[in-house]
Amino acid sequence: MTTTATPGDVSGGRVREEWSSDRAYGLLYKLRELWRFRDLLWALSFRSIKGRYKQSVLGIAWAVVQPLAMMVIFTIVFGKFAKVDTGTIPYPIFSYAALLPWQLFQNVVTKGTTSIVDNGSIVKKLYFPREVCALSVVFSSLVDFAVAGIMLGILMIIFRVSPSVYILWLPVILLVQLLFSLGLAFFLSAVNAFYRDISFGVPLVLQVWMYLSPVAYPISTVPERYRDLYMLNPMAPIIDSFRQILVNRQPPDWTMLWPGVAISVVVLVFGYWYFKRSEGTFADVL
Amino acid sequence: MSEVLVEAKGIGKRYRRGMLGGIRLPRLFGRRSGDGADDEFWALKDIDLELREGDSLGIIGPNGAGKSTLLKILSRVTAPTEGVLKVRGRVGALIEVGAGFHQELSGRDNIFINGAILGMSRKEIQRRFDEIVAFAELEDFIDTPVKKYSSGMYVRLGFAVAAHMDPDILLIDEVLAVGDMSFQRKCIQFSRRVNERGTTVVLVSHNLAQVEAFCTNAVLLRQGNIVERGRTPEVITVYARSQRSLSEECMGSDSENAQTGLVRIHSVEVASQEGETMASTVNFGSPVLFRIAYSLLEPMETPHFQIILLRSDGLKVGSIHSRLDSNADAATQQPGRYMAEARLETCRLVPDSYAIEVWATDSQHTMDYGMDRSTHFEVVGPATVDSKRYGAYVPRGLWTFSLAQEQTTGRSFIDTQSNAKGDGAAV
């Protein structure tokens, strides 16, 4: 365990940890510090979960309404008008199984991008590891994800789609997606602290991005010669894997997934690195 | 020898002007380009500080001297551009009351949120939860959303949480020095208690009386540099003197138009008893004397003085006018040094620190001859007399109590009241 004075330690002869601005602290130190601030992470997540739907009649049900509304639109436009071929899976459930992770991705990236600016009042005045801001977005978005997931269960009952054992892959696929979106959130929130343009551009990019990911249509509809290029988007195999394990009753296709995993890890490492090297000046520009 | 908790060596902080405007794109990756020295400035330069366990340091200086920047660097909110900062132990910052409060959430929830933001663990907050609620006197409202709180309740809750953190080093910003008086006093009492326990306290304040009352040592910042350091009274004297010479400089350059500068106010002293010189504290209810030493630069009629009393939050509590109170003739006086004194029988200002602004004017009160605002004093007194319940000033009434003879008319009550004489001389 740590030898540092944890916040809870109020014993008389506590060990005072020294911090020096000229020392380079490694990843291990940073993660340990993050662990020490876990209660802050909990508090910020709790605040946004509990505070978000206060004073609204539907409350947390809004977490379901959003993907559900998208599903209805997609079903009409892509299912009925464009007649996208989804095999044996009914289109509503086909699209909802993809909208579920997509909404999570969209929430983490959008809110993650503005997380430093949104928490400006405390970032400007108090010290804490700044990545707590983006991490709290992940946790609070996961609650919405879980609530919206209940709706998937209901849809599966309605459309008589039974789950398979491959649903056990869910935590793994979810983790890959979270690593990727967190990496983006780190990088974008840091850049957004300096250039607020980012917060305007991100929703636009995400809109386009959704159509470049297999949310409304299956990957099989993408022409073969563009397929490799298409799969460079980590969200393509991730969304596809969600659909595979949730409703297609199949394991994730790892030959498709591993480049996505690799890119996700690279994005996370770069995002975190960039974030940590610029966090010292966040307070100056907020 | 007690342990060194904060060690700052050659700290400098550079800001770029118009940081949010036209930033060069290379900045995106934090590259430090050597050009553009004109659009950058140093908010702090060559700051050396050493703080030991149990130290209490005041940071004073004019606006823009870098006080807040220094506090931000000490609290690690912002990184120094150059120099080395070493911090040993847990740093707590009383910089904003109720940081991170969510308006829609209850006081209970916000205690946990605010506590975590201040660096407390959930366990620690849980353990001290009842204490915090009791301290804030909010037992009946703890499950009410804070948006329904009055501003007083809000501040009480925020402060109650902050008062229960247990840092090695406590940083207090001047924003806390505004706000209501009883709160400010609570804050200082708390800081003193914490300091006595061995916590190192750094206080940034404009309120010199507060700094003097609380800090053993002080540093004076000017334009990003420490220009004076040492025992608090000496540093404050240097600061006050420089402020005065600064204002004299301004007056000197204005004297051309003969509107100002005809009367030079050398000093304004506050004495708690007659004859006793220079007291920075006055007891509530005891006599107080204001002594103004001045010079006339030309033959002129005796100037009148107006002494304005300003509470530490800037509230103009009242003023004393020689023109209203004295019958002195407007005789012409020769150039030279003079003294004016105003005595109050009892000082009935609510305990707090006060600044005095003295104006010298002509007898018609149309021309300002000079001004001085360098003097501060503190009124001390019973803790029960606070601004929340008593207002700023507590006039003395002469009370009589008697049995009402004719209860039907109610006239006797009015009679009794009109017989009671207020004490006009009290402030």
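Lettering of chains follows the sequences in order, A, B, ..., and the numbering in each one begins at 1.
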Task: 4.5 Å side-chain heavy-atom contact, B:Leu85 and A:Ser20 - done: no

Task: Top contributor to chain A contacts, counting heavy-atom pairs under 4.5 Å, from B:Leu118, B:Ile117, B:Asn110 - done: B:Ile117

Task: Polar side-chain atom of A:Arg47 near backbone of B:Gly100 as donor-acceptor pair, under 3.5 Å - done: yes

- [ ] Please tell me if the side chains of A:Lys125 and B:Asp173 come closer than 4.5 Å, counting only heavy atoms from C-beta onward.
- [x] no

- [ ] Mark yes or no: B:Arg88 above the aromatic ring of A:Trp19, with NZ or CZ under 6.0 Å from the six-membered ring centre and no more than 45 degrees from the axis.
- [x] no

Open item on the list: I want to check something: taking the side chain as every heavy atom from C-beta on, are A:Gln55 and B:Lys147 in contact at a cut-off of under 4.5 Å?
Closed with: yes

Task: Portion of A:Leu44 that has a non-hydrogen atom of chain B nearer than 4.5 angstrom - done: side chain

Task: Residue pair B:Val91 / A:Tyr127, side-chain heavy-atom distance below 4.5 Å - done: no

- [ ] Check each atom of B:Leu5 against the heavy atoms of chain A and say whether the ones under 4.5 Å are side chain, backbone, both or neither.
- [x] side chain

Task: Per-residue contact mode, A:Arg38 against chain B (heavy atom under 4.5 angstrom) - done: neither

- [ ] Flag the pair A:Glu18 and B:Arg90 as a salt bridge only when some basic side-chain nitrogen lies within less than 4.0 angstrom of an acidic carboxylate oxygen.
- [x] no

Task: Heavy-atom pairs under 4.5 Å with chain A, option from B:Val84, B:Val77, B:Ile73 with the top count - done: B:Val77

